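So the structure is just underneath, and the comments pick up after that.
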Amino acid sequence: MAFTIEINGTKRSVDVDGDTPLLWVLRDVLGMTGTKFGCGMALCGACTVHLDGSAVRSCITSIDSIGESRITTIEAIAATPSGEHIQKAWLDHQVPQCGYCQSGQIMSAAALLNEKSKPSDAEIDDAMSGNICRCGTYVRIRNAIKAASQAQGKRG
Ligand code: FES
Ligand code: FES
């Protein structure tokens with residue numbers, strides 16, 4: 001079945017079964033491999049993308065549930081207001097270790113700042129709790145989110 005979805009500001013048409021997860025469409029059909037496969041069961045956060053600015057797990061988001069929602073992936077996150085600050089903070093704080101979880105971490109962090117420009121520690125922990133990092137970069141992630149929040153506040 002044919003579906004037309006909007007990804008990073010561009011309409012894309014794909015011909016897949018309606019229950020195909022968005023993650024499969026991104027990686028296997030469209031070749032957008034920045035979004036990672038970890039567990040396939042909404043348990044790790046590696047596959048996180050945005051739907052209309054909010055974080056979703058693309059491994060459990062079927063293509064037929066997306067409708068007119070705008071999809072943003074890691075490939076375009078730097079072009080969003082919060083994503084620009086998050087990406088810079090990630091670099092400044094040297095957050096990644098192996099890097100595998102990091103596109104999902106960045107997408108969840110950017111979604112958090114879309115909703116709350118000045119999150120508390122508890123709000124950061126709550127928003128990021130579904131993103132697992134086997135390298136244990138959690139302290140740097142939290143520091144980078146705080147730095148991005150401050151930078152975003154300065155620029156309004
Ligand atoms: S691959 Fe989607 S949450 Fe793990
Ligand atoms: S940086 Fe290695 S899993 Fe997170």
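Throughout, numbering of the chain's residues begins at 1 and tracks the sequence. Here the structure is a predicted model, which is why all the values come from computation and not from measurement.
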Is the closest side-chain donor-acceptor distance between Gln105 and Thr137 under 3.5 Å?
no
Establish whether Leu112 and Leu51 are linked, either directly or via other cluster members, by ILVMFWY side-chain heavy-atom contacts under 4.5 Å.
no
Tell me, which pairs form a salt bridge (Lys or Arg N to Asp or Glu O under 4.0 Å) where one or both residues lie in residues 1-10, sequence neighbours left out?
Glu6-Lys11
Between Thr48 and Arg57: side-chain donor-acceptor atoms closer than 3.5 Å
yes
For residues Leu113 and Ser149, report the shortest heavy-atom separation together with the two atoms involved.
CD1-N, 3.9 Å
List the steps, then state whether side chain to side chain contact (heavy atoms under 4.5 Å, CB included) holds for Gln102 with Gln97.
CA-CA 9 Å; Gln102 295 292 327; Gln97 190 164 318; over 6 Å; no
Donor-acceptor under 3.5 Å (Arg12 side chain, Ile5 main chain)
no
Nearest-0.5 Å distance, CD of residue Glu115 to OG of residue Ser54
5.0 Å
Check against side chain to side chain contact (heavy atoms under 4.5 Å, CB included), Met128 and Tyr138
CA-CA 9 Å; Met128 302 302 294; Tyr138 300 111; over 6 Å; no
Would Leu26 end up clustered with Val29 when hydrophobic side chains under 4.5 Å apart are linked, directly or stepwise?
yes
Does atom NZ of Lys116 have more than 12 heavy-atom neighbours, drawn from other residues, nucleotides or ligands, at distances under 6.0 Å?
no
Test of understanding: clusters of I, L, V, M, F, W, Y form through side-chain heavy atoms closer than 4.5 Å, transitively. Do Met1 and Leu22 belong to the same one?
yes
Which pair of heavy atoms, one from Gly18 and one from Phe3, lies closest together, and at what distance?
CA-CZ, 3.6 Å
Using only atom types and a distance under 3.5 Å, with no angle test, would you say the side chain of Arg70 pairs donor to acceptor with the backbone of Gly53?
no
Enter the distance from Trp24:CH2 to Ser58:OG here, rounded to the nearest 0.5 Å.
8.5 Å
Kindly give the heavy-atom pair with the smallest separation between Ser103 and Gly34, and that separation in Å.
OG-O, 2.9 Å
Check: Gly104 main-chain N/O paired with Asn131 side-chain donor or acceptor under 3.5 Å:
yes
Take Met32 and Asn8 through the test side chain to side chain contact (heavy atoms under 4.5 Å, CB included) and record every step on the way to the result.
CA-CA 11 Å; Met32 300 175 69; Asn8 299 335; 3.5 Å; yes
Work out which heavy atom in Ala144 is nearest to a heavy atom in Ala89; give both atom names and the distance.
O-CB, 3.2 Å
Could you see if Ile60 belongs to whatever hydrophobic cluster contains Val56? Use Ile, Leu, Val, Met, Phe, Trp, Tyr and a side-chain cutoff under 4.5 Å.
no
List the atom of Cys44, the atom of Gly38, and the distance in Å for their closest heavy-atom pair.
SG-CA, 3.7 Å
Tell me every residue that passes side chain to side chain contact (heavy atoms under 4.5 Å, CB included) with Ser62, counting only those two or more places apart in sequence or in another chain.
Asp64, Ser65
Output the distance between atom CD1 (Ile66) and atom CD (Glu68), rounded to the nearest 0.5 Å.
11.5 Å
State, with a plain yes or no, whether a side-chain heavy atom of Arg134 is found less than 4.5 Å away from one of Cys98.
yes
To the nearest 0.5 Å, tell me how far Ser108 OG sits from Ile141 CD1.
9.5 Å
Is any side-chain heavy atom of Ile74 closer than 4.5 Å to a side-chain heavy atom of Met107?
yes
Can you give me the closest heavy-atom contact between Asn114 and Ser82, atom names plus distance?
OD1-OG, 2.7 Å
Output yes when a side-chain donor or acceptor of Lys88 lies under 3.5 Å from a complementary backbone atom of Ala148, and no otherwise.
no
So how far is it from Lys118 NZ to Ile124 CD1, rounded to the nearest 0.5 Å?
10.5 Å
With sequence neighbours left out, what residues match Ser69 under side-chain hydrogen bond (donor to acceptor under 3.5 Å, both in side chains)?
Asp52
Distance (rounded to the nearest 0.5 Å) between Ile63 CD1 and Thr4 OG1:
9.5 Å
Report the C-alpha separation of Val49 and Thr72 in whole Å, then their side-chain angles, then the decisive distance to 0.1 Å, and conclude whether the side chain to side chain contact (heavy atoms under 4.5 Å, CB included) test is met.
CA-CA 6 Å; Val49 300; Thr72 306; over 6 Å; no
Could you state whether Ile71 and Ile77 fall into the same hydrophobic cluster, counting links through intermediate Ile, Leu, Val, Met, Phe, Trp or Tyr residues with side-chain heavy atoms under 4.5 angstrom apart?
no
